[in-house]
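In listed order, ligands and their atoms are each counted from 1.
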Amino acid sequence: MKDKCGIVGAYSNSKSVEVSRQIYYALYALQHRGQESAGISTYNGKDMSTYRGMGLVCDVFSNGNFDGLDGNKGIGHVRYSTTGKSLIENSQPFIREFDSGTIAIAHNGDIINSMELRSELELEGREFCSTTDSEVICHLLTREYSQTQDMIKAMQNISHDLIGSYSLVILINGDLMVVRDPMGIKPLALGKKDDLIMVASETVAFDVIGAQKIRDVEPGEIILINSEMKSFSLPEKSNAPRSHCMFEYVYFARPDSILDGKNVYDVRLNIGKALYREHSVEADAVMPVPDSAITAAIGYSRESGLPYGEGLIKNRYIGRTFIMPTQEDRETSVRLKMNPIKSELEGKRIILVDDSIVRGTTSRALVNVLREAGVSEIHLRIGCPPIISPCYYGIAMATKKELVASDKKVKEIEKMLGVDSLGYLSIESLIKCIGLEKSHLCTGCLTGEYPTSLPKNIEEYEANRC
Ligand code: AMP
C-alpha cells in the first residue's frame, strides 16, 4: 500500500481544551496531501476515542461534528493511496489495545521492507487487520514497549528494522510521541499556540489555527510530549545523511508552506526563473498548467518580462482522487479538469509551464486542447527534471515502465507530446532553486540513486504497489 499522507498531533496540558477542533482545521489545511480518508483520535485522560471515514475531511466530520472525540491530546491523518483498494480498514489513525495500554498511530511515508517485517510478525502469530505500514510499526512498537515499558527505548530499538520514510505521530497512554526518520525524507514541523503544542506535516496547518511554527522536527529526532516536552534521538541520527524529498518542493506541498527552512513559494518562483534562464525562447505569453504550476509560471514571466496569462481554467471540484481506470478515460478526464480560453490562446506562441511530467498523459491531452483552441506554438517548460525512476518513499508516481522519461530522450518526448519545444529544468538548477545542499536532498526519482537500500524483491514490491 502506497501512501501520500498528511499528519497532525496536538497536545494541551489544560483539561478544558478540546483538541479535536484544532486537529480538524489542521487536517483541512493538509487536505491536498490526501483525499481518500480522514481520521482523528483523541485521549481524555481515561479513554481513547477515534473516528475515521472515507472521503474529504469536511465530509468525514460532517462539517465540524466531533461528537465523542473529547480530550486535550490527539492525532489526525489524511490519506491518499493511488493504488490498492480504498478501504476503511486502511484509513488512519491506526488504533490498538495491547497488554500495556492503548496506542494510536498516524504515519506519512513508506516503509519499503514492510512486507518482510509483516511476514516475520505473522510467523510470531501476530494478526493484522489492515495492509498498512502503520500496523506493522504498531506491532513492532507495542512488542518492544511491552518488554521495555519505555516508549523512547522501544522506538529506538525498532528504528534499526525500519527502512524507508516515516514521519509519525503516536498517542500512547496519554503521551504524544513524534518521530521523524533519520534522513527526514518526509516533512514534519513543530508549532505552538498558547499552551497547545502542535506537530504537522506542513506549516499551513499552524497558520489556519493561528499557531506559530517553532521549528522543524529534526531528522532522526523523537519528541515526547506530556507535562513537559523532551527531545531524544534515534540511534541512526548522527550518521544518516539528510535526504529531504525534492518533489515536496516541486509539486506536493502547498506553496504557502515552509519546509525544512525553505519557503515553497520562493522555491517555485526560483524554478520558473531558472527555467527561463535555461530554456528561453521567443513567445507571446507565459501560462501555467493550473494550479500546481502557477507560481513557477509567475517566476518565468518575471524573469523573462513576458506577460503572464491564463489559457486554461481548472474545474476546482475535481480533486486529485479523480483517477480513471483506463488510459483513454484518463485522457478524457483532462478535458473535464481543464478548459481553454480561446480568446487568450488563438494565434499565440505560448510558454506552457507545468510542474512535472510523470506518464506524459496530462501534457499530451493538454497539447491537443490547446491546439484545438488555436495556439500557434507551444513551448513546454517543466519545473522538475526528467523523472526516470519510481519513488519508494511515499510519492505515488508510477512504475518504471510507465514513466515516460525512463526510456526516452527529451527530443523523443517532445515529439510524442507534439510540442514545438520541450525544456526540463536541470537537476543542478533545481537544487539551487531549493537552496539546500545537494547531499541533503533525495533525488532518487531523477537519478535512480536512492538514499536507502532497496528490498531484494523490488520488482515484486513494485508490482504489488501499482
Ligand atoms: P502525467 O504526466 O499525466 O502522469 O501527470 C503529471 C501531472 O500530474 C503533473 O503535472 C502533476 O501536476 C501531477 N502529479 C505529479 N505527480 C503526481 C502524483 N504523485 N499524484 C498525483 N498527481 C501528480
Does the side chain of Asp133 pick up a donor-acceptor pair with the side chain of Ser114 at under 3.5 Å?
yes

Are Arg79 and Glu36 close enough for a salt bridge, meaning some N to O gap below 4.0 Å?
yes

Side chain, backbone, both or neither: which part of Asp354 has a heavy atom under 4.0 Å from ligand 1?
side chain

Is the distance between the ring centroids of His77 and Phe94 less than 6.0 Å?
no

Does Ser356 reach ligand 1 with a nitrogen or oxygen that is under 3.5 Å from one of the ligand's nitrogen or oxygen atoms?
yes

Polar proximity ligand 1 side, Val358 side, N/O cut 3.5 Å exclusive
yes

Aromatic centroids of Tyr300 and Tyr276 separated by under 6.0 Å
yes

Heavy atom of Phe247, distance to ligand 1 below 4.0 Å:
yes

Counting from 1 in the order shown, the ligand 1 atoms closer than 4.0 Å to a non-hydrogen atom of Asp355 are 9 (C), 10 (O), 11 (C), 12 (O)

Give me the ring orientation class for Phe61 and Tyr24: parallel if the planes are under 30° apart, tilted from 30 to 60°, perpendicular past 60°.
perpendicular

Backbone or side-chain N or O of Thr361 under 3.5 Å from ligand 1 N or O
yes

Kindly confirm or rule out an N or O of Ile395 lying under 3.5 angstrom from an N or O of ligand 1.
no

Any carboxylate oxygen within less than 4.0 angstrom of a Lys/Arg side-chain nitrogen, looking at Arg268 and Asp355?
no

Run the contact test for Ser292 against ligand 1 with a 4.0 Å cut-off on heavy atoms, strictly below, and give the result.
yes

Show the atoms of ligand 1 that are less than 4.0 angstrom away from any heavy atom in Arg359.
1 (P), 2 (O), 4 (O)

Are Arg242 and Glu437 within salt-bridge range, i.e. N to O under 4.0 Å?
no

Select one of side chain, backbone, both or neither to describe which atoms of Val289 lie under 4.0 Å from any atom of ligand 1, heavy atoms only.
neither

